[in-house]
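Computation of the quantities below employed the complete heavy-atom set of this structure, encompassing side-chain atoms and omitting hydrogens, waters and symmetry-equivalent molecules.
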Amino acid sequence: SASPSASPAAVGLTDRKLAQRLARNTDDDSILLPQAPDAKVKTFLMMDNIPLQSSMLSACEPTSQVKVVMPRTKSSTWFIETLDQHSNRKTVGGDEFTVIFMAYKNMDDKSTIPRSKYETPTATALVQDQRDGTYTLDWVRSPYGLKRPSKETHTNHRNEGVIYVYLHYTCDMGRLTLPLKKDWRKGGGLLNSMYYQSNVTAPPMRQFQRPPFIDLSQFTKVICLGDSVLRNMCGAKKKIGATTFKKKNIKVADNVGQFLCNTSHLEAAFDLLDRSFGMELNATTNTAKDKIAILVGHYAWDAHANLEPPGHFFSRSLARSARIVQRLREKHPNVTILWKGPHAIHLTMLDWKACMGKTACRERVRYMSDSIGKYVHQQQKQIMHDLKVPYLDMYEASEVAGSAWNLDGDAVHYRSWFNMLMIDLFYPRHLQFKSSVPWIKNMQLTANSPHDPKNKNISLIPVIPAPGSEATEPAGEVGPSNASANPGDSDRPPQAPTEGRLLGLPTLQNLATRWPV
């Protein structure tokens, strides 16, 4: 008989979609991670004894074990089934994972166990929550190669390796927004539990899909206005070894991230912009010889600064994005507005134990989550489409990087090498970064890890495809004609309800219905 605390799956399968999915895998290979349910998950989550947290856990048994299902048909999709502490299948979603595959370099090499945070994975799974206790895995081969002296790499060799599954959140705890987790002492339910299995056959992988090409070289000036993530991508950090890191037509404004994530302080950001670049912005004629763009974007401060409640469905934050575009168009009608979407957040990079022991760190990570980041990315992209604003889509490019390209212990900020690669995505090949410095020549970055250029035994070789020329790949010409979009409705972002309470309700059933699936 079922345990009193068993998940609904122990009683019977009533969901046809789930039943069909489970019926198909009877002849498939699978892996249980860990081998026995991890009882520490529920114990950890119950330590705070917070009413909202307890209420959520009464409606959803926390995930304590996962089954990675590997269909024998090569074209079939791998997926994860979640199980509770009694090894019963769960029929509700709300978990957040990072799943990666690291191929062996040769038959005897087991150096991928345990995985270093600074090694680029062979493939990263883009995880899709099916809301029925299962999660599909869309495996993407890493475009950021790791070349070793033996010319054996994690990205293009043996068909066997190690699969790693990191469980970050369970039971929709990653979807709660400010201020609902302010009293949670354990990082808002952040788990960062890591499980792995060696000697696994490589999953079916697709190639990385380059984001739509927007040619930034068509502008005489591109002024970057935003938070530190945007500024770093634009080259705010001026030096990498002996190589200057900034495109000739890029200018970087002051860091206004804290202003852009606070509705009452937006005008302060625009004042700082005018103070530095007002004369140029107001004098531009939008001709081929004098064409200026403002590249703007914000999310990092929304993700971790906790300065202002983002609103139900992030409605306040999303309305603020539309308002930023509207105000920039009003102030600078001859300037093209571009929007940089959010980068992915890599919770695997956090030093979890150290962070939980520091109040400031817990406050920073309390509301960080992959589900919120993806949602904001999708909604910002839709808003900018409706406003006819070109959108620099950074999400998949940063998500498949793993944590190898993040700063030490930092889930949000990326290393300068990675920022160079990202800005290169939006320039034709002949304008991409080149260096006379031997260990950076043609972007072959020598390092034991991406932050150690002293050891020259290993080279990081990015293999992101680049546009060959403006003739073979359209330049994506854009201009202030996009201002013809009606900004009158810009305070109401598409598909983002502005009514109701902040996201985060006391029951899982209500919580799940508040988020689009």
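To the nearest 0.5 Å, the span separating OG1 on Thr124 from CZ on Phe208 amounts to 11.5 Å. Taking CZ of Phe213 as the reference point, atom CG of Leu392 lies at 10.0 Å (rounded to 0.5 Å). Note that the OH atom of Tyr166 and the CZ atom of Phe97 stand 14.0 Å from one another [nearest 0.5 Å]. In this structure, CG on Leu230 lies 10.0 Å from CH2 on Trp339, to the nearest 0.5 angstrom. Atoms OG and CG, on Ser416 and Leu421 in that order, are 11.0 Å from each other to the nearest 0.5 Å. In this structure, the separation between CD on Gln65 and CG on Asn88 is 10.5 Å, given to the nearest 0.5 Å.
When atom types are taken as modelled, the side chain of Arg415 and the backbone of Asn406 share a donor-acceptor pair closer than 3.5 angstrom. The backbone N or O of Ala39 sits less than 3.5 Å from a side-chain atom of Thr43, completing a donor-acceptor pair. Within the 3.5 Å criterion, the main-chain N or O of His298 finds no donor-acceptor partner in the side chain of Asp227. Side-chain atoms of Lys340 do not come within 3.5 Å of backbone N or O of Cys224 as any donor-acceptor pair. Proximity of a side-chain donor or acceptor of Arg131 to a complementary backbone N or O of Gly93 within less than 3.5 Å is not detected. The backbone N or O of Gly133 sits less than 3.5 Å from a side-chain atom of Thr82, completing a donor-acceptor pair. Proximity of a side-chain donor or acceptor of Trp352 to a complementary backbone N or O of Leu190 within less than 3.5 Å is detected. With hydrogens and angles disregarded, no donor-acceptor distance shorter than 3.5 Å links the side chain of Tyr391 to the backbone of Gln380. Between the side chain of Asn419 and the backbone N or O of Met422, no donor-acceptor pair lies under 3.5 Å.
Legend: disulfide bond (SG atoms under 2.5 Å apart) pairs involving residues 360-414, not counting sequence neighbours, sorted by first then second residue: Cys355-Cys361.
Val99 places a side-chain heavy atom less than 4.5 Å from the side chain of Val127. At least one side-chain heavy atom of Leu425 sits less than 4.5 Å from a side-chain heavy atom of Pro211. At least one side-chain heavy atom of Leu33 sits under 4.5 Å from a side-chain heavy atom of Gln197. At a threshold of 4.5 Å between non-hydrogen side-chain atoms, the residues Glu61 and Lys42 count as touching. Side-chain contact between Asp351 and Asp408: absent, with no pair of heavy atoms (C-beta onward) separated by less than 4.5 Å. When side chains are defined from C-beta on, Tyr299 counts as touching Ile345, because their heavy atoms get closer than 4.5 Å.
Residues satisfying the side-chain contact (heavy atoms from CB on, under 4.5 Å) test with Ala344, not counting sequence neighbours, are His346, Tyr395, Ser398, Glu399, Tyr414. Every residue two or more places apart in sequence or in another chain that forms a side-chain contact (heavy atoms from CB on, under 4.5 Å) with Asp48 is listed here: Ile50, Gln53, Trp184, Arg185, Lys186. Applying the salt bridge (Lys or Arg N to Asp or Glu O under 4.0 Å) rule to Lys40 yields the partners Asp38; only residues at least two apart in sequence or on another chain are considered. Here Ser317 pairs with Asp302 under the side chain to side chain donor-acceptor pair (under 3.5 Å) rule; sequence neighbours left out. Every residue meeting the salt bridge (Lys or Arg N to Asp or Glu O under 4.0 Å) condition with Asp95, not counting sequence neighbours, appears here in chain and number order: Lys90.
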Check the pair Ser369, His168 against side chain to side chain donor-acceptor pair (under 3.5 Å), reporting the backbone distance first and the verdict last.
-> CA-CA 8 Å; Ser369 84; His168 301 305; over 6 Å; no
For Lys381 and Gln378, run side-chain contact (heavy atoms from CB on, under 4.5 Å): C-alpha distance rounded to whole Å, both residues' side-chain angles, the deciding distance at 0.1 Å, then the answer.
-> CA-CA 5 Å; Lys381 188 173 184 178; Gln378 293 163 356; 5.7 Å; no
Where do Met384 and Val325 land on the side-chain contact (heavy atoms from CB on, under 4.5 Å) test, with the steps shown first?
-> CA-CA 9 Å; Met384 297 308 146; Val325 172; 3.8 Å; yes
Step by step, would you call Thr201 with Met70 a side-chain contact (heavy atoms from CB on, under 4.5 Å)?
-> CA-CA 9 Å; Thr201 300; Met70 305 170 292; over 6 Å; no
For side-chain contact (heavy atoms from CB on, under 4.5 Å), just list the numbers for Gln130 and Phe79, CA-CA rounded to whole Å, side-chain angles, deciding distance to a tenth of an Å, and then say yes or no.
-> CA-CA 10 Å; Gln130 301 298 313; Phe79 62 94; over 6 Å; no
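Among the candidates Leu32, Val69, Val68, Thr63, the single residue satisfying the side chain to side chain contact (heavy atoms under 4.5 Å, CB included) test with Glu81 is Val69.
Taking the six-membered ring where the residue is Trp, Trp139 and Trp78 present perpendicular rings, their angle passing 60° and hence far from 30°.
A salt bridge is absent between Arg366 and Asp183: the closest approach of a Lys/Arg side-chain nitrogen to an acidic carboxylate oxygen does not fall below 4.0 angstrom. In summary, Arg364 and Asp410 do not engage in a salt bridge, as defined by a charged side-chain N under 4.0 Å from a carboxylate O. At a threshold of 4.0 Å, the pair Glu96-Arg175 does not count as salt-bridged, since none of the basic side-chain nitrogens sits closer than that to a carboxylate oxygen.
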